[in-house]
Amino acid sequence: MNGFKEFWSQYKGAIIGIIVAILILITRLHDLILAIVVLFLGAFVGNYVQQNKDFVKSKLKNFIDKM
């Protein structure tokens with residue numbers, strides 16, 4: 001029994017992480033999580049571009065000129 005307690009205390013985080021990952025895969029929540037991440041990234045990029053229009057415009061112009 002002492003070996004199990006030691007094993008549990010050492011690998012508790014990994015075991016819980018595996019169980020959570022299995023539940024996410026079984027319930028197909030990873031599609032929802034991916035969609036939410038993409039939405040937040042889109043909002044972040046849109047906000048950044050809006051706040052830094054001139055900087056982004058000049059960087060895009062330089063990038064296109066290099067091509």
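Values reported hereafter were calculated over all heavy atoms of this structure, with side chains retained and with hydrogens, waters and symmetry mates removed.
- Once rounded to the nearest 0.5 Å, the distance linking CG of L32 with CD1 of I24 reads 10.0 Å.
- Shown here is D54, whose CG atom has no more than 12 heavy atoms of other residues, nucleotides or ligands within 6.0 Å.
- Note: the hydrophobic cluster containing I18 also contains I26 (ILVMFWY, side chain heavy atoms under 4.5 Å, direct or indirect links).
- For residues 34-43, no pair satisfies salt bridge (charged side-chain N to carboxylate O under 4.0 Å, His left out), with sequence neighbours left out.
- Screening K12, Q10, E6, K5 for a side chain to side chain contact (heavy atoms under 4.5 Å, CB included) with W8, the sole residue that qualifies is K12.
- Taking CG of N52 as the start and CG of N47 as the end, the distance is 9.0 Å to the nearest 0.5 Å.
- Within the 4.5 Å cutoff, side-chain heavy atoms of I15 are placed close to those of F7.
- One hydrophobic cluster, built from ILVMFWY side chains closer than 4.5 Å, holds both I33 and F40.
- In this structure, the separation between CG on L60 and CG on D65 is 10.5 Å, given to the nearest 0.5 Å.
- Residue L29 holds its CG atom at 9.0 Å from CD1 of I36, rounded to the nearest 0.5 Å.
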